[in-house]
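Note sheet for the following structure.
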2 protein chains.
Amino acid sequence: MLRLQEGSRPTVPFPVNNTIRLACSDCSLREHCQPPDLSAADLARIEATISSSRRVARGSALFHAGETFDALYAIKSGFFKTTLTTADGRQQITGFHMGGDVVGLHGIGAGHYINDAIALEDSLACRMPYARIQEVAQQVPALQAHLHRIMSRQIASQHGVMLLLGNMRAEERVAAFLLNLLQRLDARGYSNTELQLRMTREEIGSYLGLKLETVSRIFSRFAADELIEVSNRHVRVLDMDALQARVHLPGCEPQA
Amino acid sequence: MLRLQEGSRPTVPFPVNNTIRLACSDCSLREHCQPPDLSAADLARIEATISSSRRVARGSALFHAGETFDALYAIKSGFFKTTLTTADGRQQITGFHMGGDVVGLHGIGAGHYINDAIALEDSLACRMPYARIQEVAQQVPALQAHLHRIMSRQIASQHGVMLLLGNMRAEERVAAFLLNLLQRLDARGYSNTELQLRMTREEIGSYLGLKLETVSRIFSRFAADELIEVSNRHVRVLDMDALQARVHLPGCEPQA
DNA sequence: CGACACCTTGAAGAGGTTCAAGAAATGTGG
DNA sequence: CCACATTTCTTGAACCTCTTCAAGGTGTCG
């Protein structure tokens, strides 16, 4: 079984859609994408079905809208966006996904993917054929429960996005976006005050329902107010409390 | 087993949260909430776990945010809204749900409901304890697959809402909203050109990220343009093609 | 070094909100 | 069954936020 050399930088062009193998038991993301408390036998069974990894080069797709759905993907490393395209060509980014996230769940019901999942940096994903997942879940209750949890959480988190898009002003959206990213990075052991954005201002805007100029202006405003420090795509939070305070609407404090 | 008299109008005040029993095999919504092609034995097993119905009076809740999650609900008849409330008191309606829809899925991952589900008219819902669903799904692959499909479809349809909130102008949102309702009613055997709104303009606005005045104005504009006919909460579509055309952005046709 | 993609900032403009007032529908109690 | 209160809806006018258009700057990669 090939062991990935995590730290090494490839000297050749990044291979696209190359399939390699890597043990689930070695995966640092186990607690994110697998049910806890599995027996060794169960783990082995799951591993046999899903330990096929796919490299995805920056800019290329894990799957495209319209392709027949046949597998879920757990992101092992890297960063993805999922984008919806309308008949008249408008694009909406429906999510940003990082290590441990599972993408493709929307395809189960439709039979095909409705999204494009595009890597925003060279990434590694774990391909999990859905037919096999179903089989194993039928025998391993913990996997079934885990799958339900993952789908349910995605539904719940999308409610949060609807709140963001439906109720928040531009400033609040950007603040909430940054805080959400930081929180997810924190949960993965990274800094909770500093991050490297993997997406353009335009992509942030698409996700937040704003234009790229608006996003840029708000970054500048936050920097001017000394809430954050922005240098290109590197963002450092200087005043976490103040940033969090911006998520609540400014002119509408609950009054006695 | 009590048989509901569908057509009869209760002469006593509508009983709140009353639990009655009604056979799944009698339910007109079977094809909506249950997997197809079940054996009689499987159907009986499912029925034993989920054939407990709850009446919910207009204005009261099927569940509240914060309550411990223990069951999913399939709506048998009536109409619900699900609403999210923020710390600072803002409300966002995250969905409208009618007969055949399943609500509460977001609770699986969180362990508690994150939404309020409020009946917009006197309604009947089928309570399905989640622990039992899990058990049965473990033994009946068709049920498991069906549950996955339901959750997946909800994820996919929420992507559509994100597109609506993130990318569409007010006019498009209202047109898309009406068309979506009509399509769902059509799938349930009702008219696909005429409907009785069960929610206020404010609730429509909350769902669409608009103010109630904006919704009202757009209804008036559509009526003035003879796309629809509005009389209070009754809406009849006069020109379906033109209404559908409003969903695409008006000033941005793909040009050669 | 030069081309290209990405970002910032300004000024003008549009779409939606806010505020306000009145009309219509709905519900309540006598 | 009618009068009254309440909720919901409509419409107008002023305002504000975000967008659009535009230009220049910065960073990156071949």
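All values below were derived from every heavy atom in this structure, side-chain atoms included, with hydrogens, water molecules and symmetry-related copies excluded. Throughout, a chain's letter reflects where its sequence line sits, starting with A, and its residues are numbered from 1.
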Rounded to the Å, how far apart are A/Lys211 NZ and D/dT20 P? 5 Å
Counterpart residues, salt bridge (charged side-chain N to carboxylate O under 4.0 Å, His left out), relative to A/Lys81 (two or more places apart): A/Glu203
Between B/Phe96 and B/Phe80, is the gap from one ring center to the other below 6.0 Å? no
Mind checking salt bridge (charged side-chain N to carboxylate O under 4.0 Å, His left out) for A/Asp225 and listing every partner two or more places apart, or none if nothing turns up? A/Arg246
Terminal axes of the helix from C/dC1-D/dG30 to C/dG30-D/dC1 (five pairs each): angle between them, nearest 10 degrees: 50°
Taking any heavy-atom pair under 4.0 Å as a contact, classify B/Arg233: base, sugar-phosphate, or nothing. sugar-phosphate
Which whole-number value in Å describes the distance from B/Arg198 CZ to C/dT26 P? 13 Å
Excluding sequence neighbours, so at least two apart, what forms salt bridge (charged side-chain N to carboxylate O under 4.0 Å, His left out) with B/Arg217? none
The single option from B/Ile93, B/Leu164, B/Thr83, B/Val215 that satisfies side chain to side chain contact (heavy atoms under 4.5 Å, CB included) with B/Tyr207 is B/Ile93
Residues at least two apart in sequence or cross-chain that pass salt bridge (charged side-chain N to carboxylate O under 4.0 Å, His left out) with B/Arg201, listed by chain then number, are none
State which residues pass side chain to side chain donor-acceptor pair (under 3.5 Å) with B/Asn192; sequence neighbours excluded, sorted by chain then number. none
Report all interatomic pairs (protein N or O, nucleotide N or O of nucleotides 25-30 of chain D) with separations under 3.5 Å.
none

Strand contacts (DNA chain C) in residues 199-209 of chain A, 4.0 angstrom heavy-atom criterion: A/Thr200, A/Arg201
Within the sub-3.5 Å range, which N or O atoms of nucleotides 9-11 of chain C have a protein N or O partner, and how far apart are they?
from, atom 1, to, atom 2, distance (Å)
C/dT9, OP2, A/Ser220, OG, 2.4
C/dG10, N7, A/Arg217, NH1, 2.9
C/dG10, O6, A/Arg217, NH2, 3.2
C/dA11, N6, A/Arg217, NH2, 3.4

CZ of A/Arg90 versus P of D/dT19: gap in Å, rounded? 14 Å
Using the side chain to side chain donor-acceptor pair (under 3.5 Å) criterion, which residues pair with A/Arg153? Sequence neighbours excluded. none
Aromatic centroids of A/Phe63 and A/His106 separated by under 6.0 Å: yes
Side chain to side chain donor-acceptor pair (under 3.5 Å) with A/Gln183: which residues, sequence neighbours excluded? none
Under-4.0 Å salt bridge between A/Lys76 and A/Asp101: no
Can you measure from CD (A/Gln158) to CD (A/Gln154) and round to the nearest 0.5 angstrom? 5.0 Å
For atom CG of B/Leu120 and atom P of D/dT8, their distance in whole Å: 11 Å
Between P of C/dC6 and CZ of A/Phe219, the distance in whole Å: 15 Å
So which pairs with a foot in residues 217-242 of chain A pass ring pair (Phe, Tyr, Trp, His ring centres under 6.0 Å), sequence neighbours left out? none
Locate the shortest heavy-atom distance separating B/Ser206 from B/Gln91; write the atom from each residue and the value. OG-O, 3.5 Å
Using atom CG of B/Leu210 as one end and atom P of D/dC9 as the other, report the distance to the nearest whole Å. 15 Å
Rounded distance (Å) that lies between atom P of C/dG15 and atom CD1 of B/Ile218: 11 Å
Rounded to whole Å, how long is the line connecting atom CZ of A/Arg173 with atom C1' of D/dT19? 13 Å
